[in-house]
Amino acid sequence: MHIRTAAMDDVSKIVQLYKEVARIKGGIARLENEITEEYVENFVKKSIADGLILVAIHPEDPERFIGEMHAYKPGIHVFKHLLSDLTIAVHPEFQGRKIGRTLFTIFLEEIALNRTDIGKVELITREGNEKAIKFYQALGFKIEGRMEMRIKTPAGLYEADIPMGWQNPNFEF
Ligand SMILES: CC(C)(COP(=O)(O)OP(=O)(O)OC[C@H]1O[C@@H](n2cnc3c(N)ncnc32)[C@H](O)[C@@H]1OP(=O)(O)O)[C@@H](O)C(=O)NCCC(=O)NCCS
């Protein structure tokens, strides 16, 4: 599997991937019709400028992505040491094949080794996504609270969102 950082001309391939991931409920928060060119362009731009964005390329078709992961600095001084708005998405046909784990491992290694300006990486995941919570804990993320009634499920019920954080062992204060 080939993983590299993304560039602005990858936007349409990321839109395609996110639409396919969003088709399956219970994963990423956005619905398929909320995956717009503008939404993707915005996070790609911010992640390239002040964050990190990785893409995993399809083994047989370099024009398709099978995974993507990004996070970026929120943009104001008091949050200068944070990467936030983290999202990871693996194509449904490729889930469960260690692509998510590989993306996360490379992402956190890159920060620990080369981004000593980053003290913390934040993410938020829905309470019902237990597999994802366990996965993030195994990578070193800690649960930092509970945001009640934050998510409205497709069934019209409400569930909590769980904020989690990972601290960079090599952060230079
Ligand atoms: C969650 C997700 C990124 C995991 O990536 P993946 O490549 O499927 O997972 P991996 O094969 O690397 O497995 C890593 C861990 O993720 C968990 N996992 C696997 N499939 C999963 C799924 N469909 N949903 C949630 N967690 C999953 C497993 O517990 C696994 O742990 P293990 O290695 O100890 O068995 C991926 O399934 C996905 O994109 N899901 C839909 C979107 C989503 O939920 N994004 C996260 C929102 S916070």
Side-chain angles (χ1 to χ4, degrees), residues 1-6 10-36 39-40 42-44 46-47 51-61 64-74 82-112 120-155 157-167:
M1 178 192 1
H2 181 54
I3 292 178
R4 62 163 170 82
T5 52
D10 291 324
V11 165
S12 58
K13 283 175 262 182
I14 298 173
V15 171
Q16 189 59 34
L17 168 69
Y18 267 57
K19 280 187 177 292
E20 292 183 52
V21 174
R23 228 164 263 163
I24 299 182
K25 301 219 173 359
I28 51 173
R30 278 175 188 251
L31 302 175
E32 190 184 347
N33 65 359
E34 293 168 332
I35 307 294
T36 60
Y39 158 65
V40 173
N42 181 48
F43 76 63
V44 174
K46 287 179 175 168
S47 305
L52 184 58
I53 176 164
L54 299 175
V55 287
I57 299 168
H58 193 287
E60 278 138 30
D61 182 357
R64 283 176 64 198
F65 292 159
I66 54 174
E68 188 272 356
M69 173 173 180
H70 68 267
Y72 50 83
K73 293 190 180 184
L82 293 182
L83 284 194
S84 204
D85 272 340
L86 186 150
T87 305
I88 179 163
V90 173
H91 191 286
E93 284 168 25
F94 290 84
Q95 288 176 13
R97 294 201 217 168
K98 305 286 174 212
I99 293 166
R101 183 174 289 277
T102 308
L103 280 167
F104 247 109
T105 304
I106 294 174
F107 194 96
L108 297 178
E109 260 177 28
E110 169 63 18
I111 288 166
K120 189 182 175 197
V121 178
E122 297 179 336
L123 62 82
I124 305 178
T125 187
R126 18 172 231 107
E127 185 176 35
N129 204 346
E130 286 167 24
K131 271 187 185 172
I133 293 174
K134 286 212 170 68
F135 170 41
Y136 301 143
Q137 283 176 319
L139 290 163
F141 281 80
K142 293 202 164 59
I143 293 178
E144 296 184 331
R146 187 182 156 84
M147 301 154 100
E148 292 293 348
M149 208 182 147
R150 192 155 184 266
I151 299 277
K152 186 172 185 179
T153 68
L157 302 171
Y158 291 90
E159 70 174 309
D161 235 357
I162 307 296
M164 301 183 76
W166 172 90
Q167 290 188 23

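On a predicted model such as this, the values are computed, not experimentally measured, just so you know. Each ligand, and each atom within it, is numbered from 1 in the order the structure gives. Starting from 1, each residue takes its place in the sequence as its number.
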Next item on the list: Evaluate ring-ring contact (aromatic ring centres under 6.0 Å, His included) for Phe104 paired with Tyr136, printing each intermediate quantity in order.
Entry: CA-CA 9 Å; Phe104 247 109; Tyr136 301 143; 5.4 Å; yes
Numbered atoms of ligand 1 (with element) below 4.0 Å of [X], judged on heavy atoms:
X	value
Thr125	48 (S)
Ala132	25 (C), 26 (N)
Asn129	25 (C), 44 (O)
Ala89	39 (O)
Arg97	11 (O)
Ile99	7 (O), 12 (O)

Would you say [X] has any N or O atom under 3.5 Å from an N or O of ligand 1, going by distance alone?
X	result
Gly100	yes
Gly96	yes
Ile88	yes
Arg101	yes
Val90	yes

Look up [atom] and tell me if a protein heavy atom lies less than 4.0 Å from it?
atom	result
atom 38 (C) of ligand 1	yes
atom 2 (C) of ligand 1	no
atom 42 (C) of ligand 1	yes
atom 31 (O) of ligand 1	yes

Hey, what do you get for [atom1] ([X]) to [atom2] ([Y]), rounding to the nearest 0.5 Å?
X	Y	atom1	atom2	value
Asp85	Lys73	CG	NZ	14.5 Å
Ile143	Glu127	CD1	CD	9.0 Å
Ile124	Glu144	CD1	CD	10.0 Å
Ile162	Glu130	CD1	CD	10.0 Å
Thr87	Ile14	OG1	CD1	11.5 Å
Asn129	Ile28	CG	CD1	11.5 Å

Note to self: If you count heavy atoms of other groups shown closer than 6.0 angstrom to CD of Gln167, is the number above 12?
What the structure shows: no
Next item on the list: Assess whether side chain to side chain contact (heavy atoms under 4.5 Å, CB included) is satisfied between His91 and Leu17, documenting all intermediate values.
Entry: CA-CA 6 Å; His91 191 286; Leu17 168 69; 3.8 Å; yes
Note to self: Under a 4.0 Å threshold between the charged nitrogen and the carboxylate oxygen, would Arg146 count as salt-bridged to Glu148?
What the structure shows: yes
Could you find the nearest protein heavy atom to [atom] and give me its residue, atom name and distance?
atom	result
atom 40 (N) of ligand 1	Gln95 NE2, 3.4 Å
atom 29 (O) of ligand 1	Lys131 O, 4.0 Å
atom 4 (C) of ligand 1	Phe135 CE2, 4.1 Å

Checklist line | Any Tyr136 heavy atom less than 4.0 Å to ligand 1 | finding: yes
Next item on the list: Would you please determine whether Lys98 falls within less than 4.0 Å of ligand 1 on a heavy-atom basis?
Entry: yes
Check: Does a donor on one side chain sit under 3.5 Å from an acceptor on the other, for Tyr39 and Glu34?
Finding: no
Margin query: Tyr18 vs Phe43, test: side chain to side chain contact (heavy atoms under 4.5 Å, CB included). Steps then yes/no.
Written below: CA-CA 12 Å; Tyr18 267 57; Phe43 76 63; 3.8 Å; yes
